[in-house]
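Contents: one structure, followed by commentary.
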Amino acid sequence: MLVYPSGIDLSSRTLQHLSGLLAGHRRRIGSRWRRLTCGRQALLVLAHLRCGDTYARLAAGFHIGTATAYRYIREAVGLLAALAPTLEQAMTTVRKKAYVILDGTVLPIDRIAANQPYYSGKKKHHGMNVQVLADPAGRLIWASDALPAAVHDLTAARTHGIPAALAADDIKCWADKAYQGAGQAVRVPFRGKGLRGWRRLHNRDHAKIRSLGERAMATRKCWRVLRKLRCSTTRITAVVRAIVTLELAA
């Protein structure tokens with residue numbers, strides 16, 4: 001297999017953060033010798049998450065076995081996922097903001113048509129539903145566990161306890177029409193076409209505010225592994241949490 005040098009559009013700070021995390025983990029478990037140093041393992045993991053490279057391609061580039069590449073990546077993803085903020089921890093950050101933006105996204109997965117619970121009727125493909133909270137500048141604050149894509153955004157938000165947490169702290173939240181009925185804490189636009197008068201102005205102003213939250217959704221597209229997840233659906237939550245941790249550490 002041919003091997004060529006490439007680049008990853010991440011800062012050295014991200015690499016150093018993950019490398020330090022891996023070094024501390026190796027000391028705790030008493031690991032002696034590895035095929036890759038902490039820095040090289042961190043680079044391997046970032047190449048997988050950011051560029052979406054497969055285990056086989058990464059194994060060839062780093063001169064290790066495919067099984068070793070899988071173990072190294074899974075180990076690092078688990079460490080990063082454990083550091084991702086919980087909803088309760090995220091509320092501490094949210095209280096300092098003027099308001100937050102709630103949105104849902106469907107991460108594509110490689111499931112066949114028979115897997116109906118994972119099929120999104122809205123997106124017309126199989127995937128996993130992830131809820132995201134962003135600050136007024138569009139920076140990512142928190143991401144939920146992944147649920148099958150057939151779950152509606154409002155149901156997913158209630159399952160994770162998002163409306164209740166926002167209402168408990170009287171936090172203002174902007175969301176799209178999918179969250180109609182989420183409660184007074186979640187502000188949504190009016191439904192229907194051909195709206196006139198103050199309802200039309202309300203929807204226009206609402207869209208301007210909520211559009212800032214699209215930046216948080218755009219950041220997840222930069223992590224190419226999320227564009228087509230080929231791992232087990234039970235592993236997707238860990239991958240999402242790992243990426244949240246890296247985004248917050250950047």
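Values below: every heavy atom of this structure, side chains too, minus hydrogens, waters and symmetry copies.
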Please check if the number of heavy atoms outside K172 that lie under 6.0 Å from its NZ is greater than 12. no
Do the side chains of W223 and L10 get nearer than 4.5 Å, heavy atoms only? yes
Over 12 foreign heavy atoms within 6.0 Å of CD, Q184: no
Do any N or O atoms from the side chain of S144 and from the backbone of V130 form a donor-acceptor pair under 3.5 angstrom? no
For Q131 and Y179, which I'm curious about, is there any donor-acceptor pair between the side chains at under 3.5 Å?
yes
So CZ of R199 and NE2 of H206: to nearest 0.5 Å the spacing works out to 15.0 Å
Distance col, row L21:CG vs L83:CG, nearest 0.5 angstrom, shows 5.5 Å
Looking at W174, I'd like to know if the NZ or CZ of R210 sits under 6.0 Å from its six-membered ring centre while staying within 45 degrees of the ring's axis.
no
Practice prompt. Let me see the working for D53 and R224 under salt bridge (charged side-chain N to carboxylate O under 4.0 Å, His left out), right down to the final yes or no.
Written response: CA-CA 9 Å; D53 288 333; R224 295 176 183 85; over 6 Å; no
| said: Please check this pair: side chain of Q41 against backbone of L18, looking for a donor-acceptor N/O pair closer than 3.5 Å. | reply: no
The side-chain contact (heavy atoms from CB on, under 4.5 Å) partners of A150 (sequence neighbours excluded) come to none
Between N203 and F190, is there a donor-acceptor pair closer than 3.5 Å when you use the side chain of the first and the backbone of the second? yes
* Asked: Aromatic ring centroids of Y55 and H48 under 6.0 Å?
  -> yes
Practice item. Examine distances only and state if a side-chain atom of T159 and a backbone atom of T155 form a donor-acceptor pair shorter than 3.5 Å. Key: yes
Interatomic distance, OH@Y72 vs CZ@R40, rounded to 0.5 Å, equals 11.5 Å
Report yes if the side chains of R50 and I243 come closer than 4.5 Å at any heavy-atom pair, otherwise no.
-> no
| Can you tell me if H160 uses its side chain to pair, donor with acceptor, with the backbone of I162 under 3.5 Å? | no
Using only heavy-atom distances, determine whether the side chains of R34 and T37 contain a donor-acceptor pair under 3.5 Å. no
Original post:
Does the R230 side chain pair with the main chain of I109, one donor and one acceptor, at a distance under 3.5 Å?
Top reply: no
Would you tabulate the side-chain donor-acceptor contacts of residues 62-69 under 3.5 Å, counting partners in other chains and residues two or more places apart, or write 'none'?
residue : atom : partner : partner atom : Å
T68     : OG1  : R71     : NH2          : 3.3

The remaining residues in the hydrophobic cluster of W33, counting side-chain heavy-atom contacts under 4.5 Å among Ile, Leu, Val, Met, Phe, Trp and Tyr, are none
- Before giving the answer on ring pair (Phe, Tyr, Trp, His ring centres under 6.0 Å), spell out for H125 and Y119 the whole-Å C-alpha distance, their side-chain angles and the decisive distance to 0.1 Å. CA-CA 6 Å; H125 61 71; Y119 184 77; 7.9 Å; no
